[in-house]
Q: 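So that we are looking at the same thing, I have put the structure below in structure tokens.
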Amino acid sequence: MTAPTRAGRGFTKGQILGTAFLFVLSVYFLLPLWWLLVSSTKNTGQLFSTNGFWFADFHLWENLSKLFAADDGAFLTWVGNTVLYAGVGAAVSTVISAAAGYVLAKYQFRGKETVFGVIIAAVLVPKVMLALPLYLMFAKLDITNTFWAVFLPSIVSPFGVYLCRVYAAASVPDELIEAGRIDGASDTRIFFTVSLRVMSPALVTVFLFQLVEIWNNLLLPMVMLQDDSLWPVTVGLTYWDSLRTTSNYGLTVTGAAVSVVPLIIAFIMLQRFWRSGLTAGAVK
């Protein structure tokens, strides 16, 4: 006589409560996104006179036209800057994190654990605490109000190094490295042609995390940049909102909705790699 299957037993009370809890959390996190989507289809008057969570007259195309024309197309400049900061910064940060994590996982050298301990400690340091020291340091180097003032801090990711170290230790066999050396390949060539391919799920995860972090960064570019032609979209939208004029409310809401779209697309395209990267090192 076979034991009843889970489907035959039905759902347990714990499963029902867990599912209900996850559903409530999903609604909680998606509700602001839904409000943003609905609000971007309204004109300025309807933002204050209608239900914020349901549609009124459809003005999305009119709002988009005003958004891209405002301040001589400043929004497109800000989006382009954000793509440059986040896209290039996340890519460079991923390569640096992969190299550092790989070295910490596969090479033995004096002070290795101390270095890794410092990296772990850096994960715990809030980014807001580093803004002023970075500004003072970059002011001494005379690179504030430049692309480099935002780009250079963005390529450092202690969490990325930690994740790559865990993944490299679990997924890159020492035998694979030794086989490459026997074939005459240098350690650099083994890293770029063999190890990086094995580590690809972790690399995509690091890239996605860093992309989101740089894209949403507000404090650092606000402190570093005075020239509005260098602003990312977060600083530009904050500036429009600070003007506190009625016409800018609609621009800010529509701009925020448009700025979220690239992140949603990136997440959808990379989510399967993201899931596998999150479980890296859980089993070996």
Side-chain angles (χ1 to χ4, degrees), residues 85-138 140-141 143 148-214 217 220 270 272-284:
Y85 293 137
V88 179
V92 175
S93 176
T94 301
V95 174
I96 294 175
S97 298
Y102 178 79
V103 168
L104 288 170
K106 293 301 175 182
Y107 291 85
Q108 299 299 324
F109 54 90
R110 182 178 299 178
K112 170 182 171 179
E113 295 304 322
T114 302
V115 171
F116 187 63
V118 171
I119 292 172
I120 293 297
V123 175
L124 304 178
V125 178
K127 295 294 180 67
V128 66
M129 294 180 60
L130 302 177
L132 183 57
L134 283 172
Y135 176 80
L136 295 176
M137 181 175 66
F138 287 166
K140 289 287 186 180
L141 298 174
I143 58 173
W148 302 106
V150 177
F151 177 77
L152 291 178
S154 300
I155 65 177
V156 178
S157 174
F159 176 75
V161 175
Y162 165 76
L163 182 61
C164 287
R165 193 230 190 187
V166 171
Y167 197 92
S171 64
V172 181
D174 293 336
E175 295 79 6
L176 187 64
I177 300 174
E178 290 300 324
R181 289 171 178 166
I182 292 173
D183 289 339
S186 64
D187 285 355
T188 302
R189 183 176 180 183
I190 293 172
F191 171 69
F192 282 104
T193 60
V194 179
S195 300
L196 280 185
R197 295 184 181 182
V198 178
M199 296 171 60
S200 58
L203 302 187
V204 174
T205 303
V206 172
F207 176 82
L208 182 58
F209 280 0
Q210 198 68 359
L211 177 73
V212 173
E213 180 177 332
I214 300 171
N217 195 0
L220 181 67
L270 301 176
R272 62 190 181 97
F273 299 104
W274 176 65
R275 287 197 300 267
S276 61
L278 280 180
T279 58
V283 293
K284 186 172 182 179

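Computed from a prediction, not measured in an experiment: that's the story for all the values here. Quick note: numbers below take in every heavy atom, side chains included, and nothing from hydrogens, waters or symmetry partners.
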Q: For the atom pair CD1 (I143) and CE (M137), what is the distance rounded to the nearest 0.5 Å?
A: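 Result: 7.5 Å between the selected atoms.
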
Q: Between K106 and E178, is the closest basic N to carboxylate O distance under 4.0 Å?
A: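 So E178 does not pair with K106 through a salt bridge.
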
Q: If you take all heavy atoms of S97 and G160, which pair is closest and at what distance?
A: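 Distance-wise, the nearest heavy atoms are CB-C, 3.6 Å.
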
Q: How about F191 and V103: do any of their side-chain heavy atoms sit closer than 4.5 Å?
A: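 No - every pair of side-chain heavy atoms lies 4.5 Å or more apart.
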
Q: With heavy-atom distances below 4.5 Å as the criterion, would you say the side chains of V150 and N217 are in contact?
A: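 When only atoms from C-beta onward are counted, N217 and V150 do not touch, as no gap falls below 4.5 Å.
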
Q: Where the side chain of Q210 meets the backbone of I155, is there a donor-acceptor pair that is under 3.5 Å apart?
A: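 Checking the backbone N and O of I155 against the side chain of Q210, no donor-acceptor pair under 3.5 Å is found.
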
Q: Quick one: does V92's side chain get under 4.5 Å of F151's, heavy atoms only?
A: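 Touching, per the 4.5 Å side-chain cut-off.
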
Q: Could you label the plane-to-plane angle of the F159 and Y162 rings as parallel, tilted or perpendicular, counting under 30° as parallel and over 60° as perpendicular?
A: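 The arrangement is tilted - the two ring planes meet at 30° to 60°.
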
Q: What closest approach, in Å, do L203 and A98 show between heavy atoms, and which atom pair accounts for it?
A: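 The answer is CD2-CB, 3.4 Å.
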
Q: List the atom of L211, the atom of G87, and the distance in Å for their closest heavy-atom pair.
A: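 Reported closest heavy-atom pair: CD1-N, 4.0 Å.
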
Q: Any donor-acceptor pair under 3.5 Å linking the side-chain atoms of Y107 with those of D187?
A: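 A pair is found: one side chain offers a donor N or O, the other an acceptor, under 3.5 Å apart.
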
Q: Using 0.5 Å steps for rounding, measure from the CZ atom of R165 to the CG atom of L163.
A: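 Output value for this atom pair is 12.5 Å.
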
Q: Is any side-chain heavy atom of F138 closer than 4.5 Å to one of P153?
A: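 Yes - at least one pair of side-chain heavy atoms lies under 4.5 Å apart.
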
Q: What's the separation between atom OG in S195 and atom OH in Y167, rounded to the nearest 0.5 Å?
A: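 Rounded to the nearest 0.5 Å, the OG-OH separation comes out at 12.0 Å.
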
Q: Counting only heavy atoms from other residues, nucleotides and ligands, does the tally under 6.0 Å from OH of Y135 exceed 12?
A: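 Counting neighbours around OH of Y135, 12 or fewer heavy atoms of other residues, nucleotides or ligands fall under 6.0 Å, so no.
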
Q: Inspect the surroundings of CZ in R189 and state if more than 12 heavy atoms from other residues, nucleotides or ligands are less than 6.0 Å away.
A: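 No, CZ of R189 has 12 or fewer neighbouring heavy atoms, counting only those of other groups under 6.0 Å.
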
Q: Check whether any side-chain heavy atom of I120 sits under 4.5 Å from a side-chain heavy atom of P158, and report yes or no.
A: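 A side-chain contact under 4.5 Å is absent here.
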
Q: Using 0.5 Å steps for rounding, measure from the CZ atom of R197 to the CG atom of L176.
A: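 Between atom CZ of R197 and atom CG of L176 there are 11.5 Å.
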
Q: Roughly how far, to the nearest 0.5 Å, is the OH atom of Y102 from the CD1 atom of I177?
A: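 Reported to 0.5 Å precision, the distance equals 3.5 Å.
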
Q: To the nearest 0.5 Å, how far apart are CG in L220 and NZ in K127?
A: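 Between atom CG of L220 and atom NZ of K127 there are 9.5 Å.
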
Q: One pair to check against side chain to side chain contact (heavy atoms under 4.5 Å, CB included): L104 and F109. What are the steps and the verdict?
A: CA-CA 9 Å; L104 288 170; F109 54 90; 3.9 Å; yes

